[in-house]
Amino acid sequence: MSGVTMTMAQAINTALREAMAADESVVVFGEDVGALGGVFRVTDGLAATFGEQRCFDTPLAESGIVGMAVGMAMNGMRPVVEMQFDAFAYPAFEQITSHVAKMASRTRGRVRLPMVIRIPYAGGIGGVEHHCDSSEAYYAHTPGLTVLVPATGADAHGLLRAAIHSPDPVIFLEPKKHYFTKEEVDVTAPVPPVGRAVVRRAGRDATLIAYGPSVSVALAAAEQAADEGRDLGVVDIRSIVPFDDETVAATVRATGRAVVVAEAPGFASVASEIVARVTERCFHHLEAPVRRVTGFDIPYPPPKLERHHLPGVDRVLATVDELQWDAS
Amino acid sequence: MSTSLAVDGVVQLVDEHGHAADPAVLPPTAELLAGYRAMVLARRLNEQAGALVRQGRLAVYPSSHGQEACQVAAVSVLREDDWLFPTYRDTAAVAARGVDPVEALVLLRGDWHCGYDPTAHRVAPQATPLATQLLHAVGVGHAARLRGEDTVVMALCGDGATSEGDFHEACNFAAVFAAPVVFLVQNNKYAISVPLARQSVAPSLAAKGAGYGMPAVLVDGNDLAALSVTLSDAVRRARDGDGPTLVEADTYRVAAHTNADDPARYRTEDEVARWLPRDPLARLRTYLIAEGVLDDAREAEFAAAADEMAAHVRHGVSAEDVVDPAELFAHVYARPTAQLAEQEALLRAELTEEAAR
Ligand SMILES: Cc1ncc(C[n+]2csc(CCOP(=O)(O)OP(=O)(O)O)c2C)c(N)n1
Ligand SMILES: [Mg+2]
């Protein structure tokens, strides 16, 4: 493996570069993505390398950005647009839910929209209001959208390449707390398939199911549990839509116990969906109800209070403790 | 309207050398002196907040350095029962309105999303999602009309925000309903890194008023006198039932977008340097000294007031955290749901355990 140490932001930047070099129809646009290189520097140097036509700033309007991307995708381009922060994608909600998601169905598949909407996503960075939302449920609940959430630099690179190749529109959620996390990334690795979860850690006693920013929390919890003599596995969903029932169910059947970890409020959430699917498929193998550790059902807290809201190792392990160990 | 005052389409009363072409049209000197004092405080607040960011006591601070004339004039033309709708960049305007700056900085210190009582001060929470607050401003104004009140609403936004759909909708609604709103666009030439030319190719942002059938004025945004006269006119029109006005203030964001920004990536030092001589404080100071109303004693008095305010801010912002985590659940609904009550109990139990450890 020819690994290079880079941050997740650099891994995404690399994927954009490769895609732009490989295919002239790939264009990158949004707010501050040009000269500035994005507020997280994800698009750093793209305008300089590929020119103003391929990477450019737009007027400040998210609905405009996504709506224009729809039209460009209808006319032979593969737009990769950036929403500056999760909550600033909401002005584009109409375009995303009514048009991006539905165009293929409305036109009986005659018009497909090969476009990617990149969204710096979720919290844990001490951001003030509107900068830390976990908005995956809105998108996952909208048929027609593929929803990808990398947890590692390697997946950020590989899944973005896959997203840009995809004939369907993709919501690409980038956990911003990991933007500057360094990791060895093999950019020559084969592009991972969309729709496959991955087992990050094998474990016999129980399965932690997580995605995006919560995968590192689940791994830390598993590490600590191991010190305490409990063997927890970790499954990284990484593709919320399409969902990999097979991998998830197989893993849970093997352990008989599962906890889903996610930052978003738990009510009517992706975590709820995972619990339902696992329960339906693994009922006769379960030793305890499938549990969730999620954010509270509140607006994202101010920076000084976010630690109370975010699922942490302690809360995950306390929930694991409640998985009816005495009964088995 | 005072559009007759416009030079090359831009209303200016005191030029950058502190010279007034026609002193007769200026606001009373006492008013300008009070405005100057308020700008001294606004600038000090910007500087103090910047220092607190560098010390790690504030998470972030979007400075209005160079835009103090807008910050002060937007507020000085309002009555106590009028409303102000500020953005994240308008902390100095919020403070000029009488909100304790320590309360205003609660957002940026990271304790809560809004630290002051919007209804007590008639200052809406500082808005971060761009242009969204402009529609709320129209609603407050329209409700005032329906309730028979002669309240006026001052709605602030930046040049970048004028590209959002909500800006268009707010202007159109206000014009159609003849809502008592004054839209003050602080055109500081940048939306983070994106220059004005990428937002609009209209001859000016004020030119957009015509499309809504709304009077619009382009004013020197670093000239407190011109801003005061223009905004007073607009407020009077609104109060008299003559509807909204769009005011574009031609100004400049002298500082970075926030402390997290790196302006070297998108603009030159030369460009910034060209704007410095147009500083809003310097020109009014020159004018007031020439008028004989500002002397060293007065300056010292204003500086002392600024020192006192800055000390208060330093002290207040450095105080211990005070927000009880239980507040996270308290305000989501008028009555917490059963689920929230459960979640609050969980957090309380965790905190009790944490404290016992
Ligand atoms: C809906 C929305 N999109 C994006 C952002 C991110 N953002 C914050 S400030 C800013 C630039 C705003 O520029 P302008 O309106 O000119 O105001 P200024 O910051 O110059 O005062 C951007 C893009 C946001 N706050 N809200
Ligand atoms: Mg601006």
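In the text below, chain A, chain B and the rest are named by the order of the sequence lines, each starting its count at 1.
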Could you grab the distance from atom [atom1] of [X] to atom [atom2] of [Y], nearest 0.5 Å is fine?
X: B/E164; Y: A/E62; atom1: CD; atom2: CD; result: 4.5 Å
X: A/Y90; Y: B/T132; atom1: OH; atom2: OG1; result: 13.0 Å
X: B/Y333; Y: A/D297; atom1: OH; atom2: CG; result: 7.5 Å
X: A/H309; Y: B/L328; atom1: NE2; atom2: CG; result: 8.5 Å

Less than 4.5 Å to any heavy atom of chain A: does that hold for the side chain of [X], its backbone, both, or neither?
X: B/D262; result: both
X: B/A161; result: backbone
X: B/E350; result: side chain
X: B/E353; result: neither

Please determine whether the number of non-hydrogen atoms from other residues, nucleotides or ligands lying under 6.0 Å from atom [atom1] of [X] exceeds 12.
X: A/H141; atom1: NE2; value: no
X: B/F173; atom1: CZ; value: no
X: B/E269; atom1: CD; value: no
X: A/F267; atom1: CZ; value: no

Any Lys/Arg nitrogen of A/D32 or B/R198 sitting under 4.0 Å from an Asp/Glu carboxylate oxygen of the other?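 No.
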
Which portion of A/H308 sits near chain B, non-hydrogen atoms under 4.5 angstrom: both

Region of A/F296 that comes under 4.5 Å of a non-hydrogen atom in chain B: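 For A/F296, heavy atoms of backbone and side chain both lie under 4.5 Å from chain B.
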
With a 4.5 Å limit on heavy-atom distance, are the side chains of [X] and [Y] in contact?
X: A/K304; Y: B/V323; answer: no
X: A/T294; Y: B/Q343; answer: no
X: A/L305; Y: B/E327; answer: no
X: A/V39; Y: B/H257; answer: no
X: B/V332; Y: A/P299; answer: yes
X: A/E31; Y: B/I192; answer: no
X: A/V128; Y: B/Y88; answer: no

Return the minimal non-hydrogen interatomic distance between [X] and [Y], and the atom names on each side.
X: A/L60; Y: B/G160; value: CB-O, 3.4 Å
X: B/G110; Y: A/P302; value: O-CB, 3.4 Å
X: A/L36; Y: B/R265; value: O-NH1, 3.1 Å

Between A/G127, A/G126, A/A87, A/A61, the one whose heavy-atom pairs under 4.5 Å with chain B are most numerous: A/A61

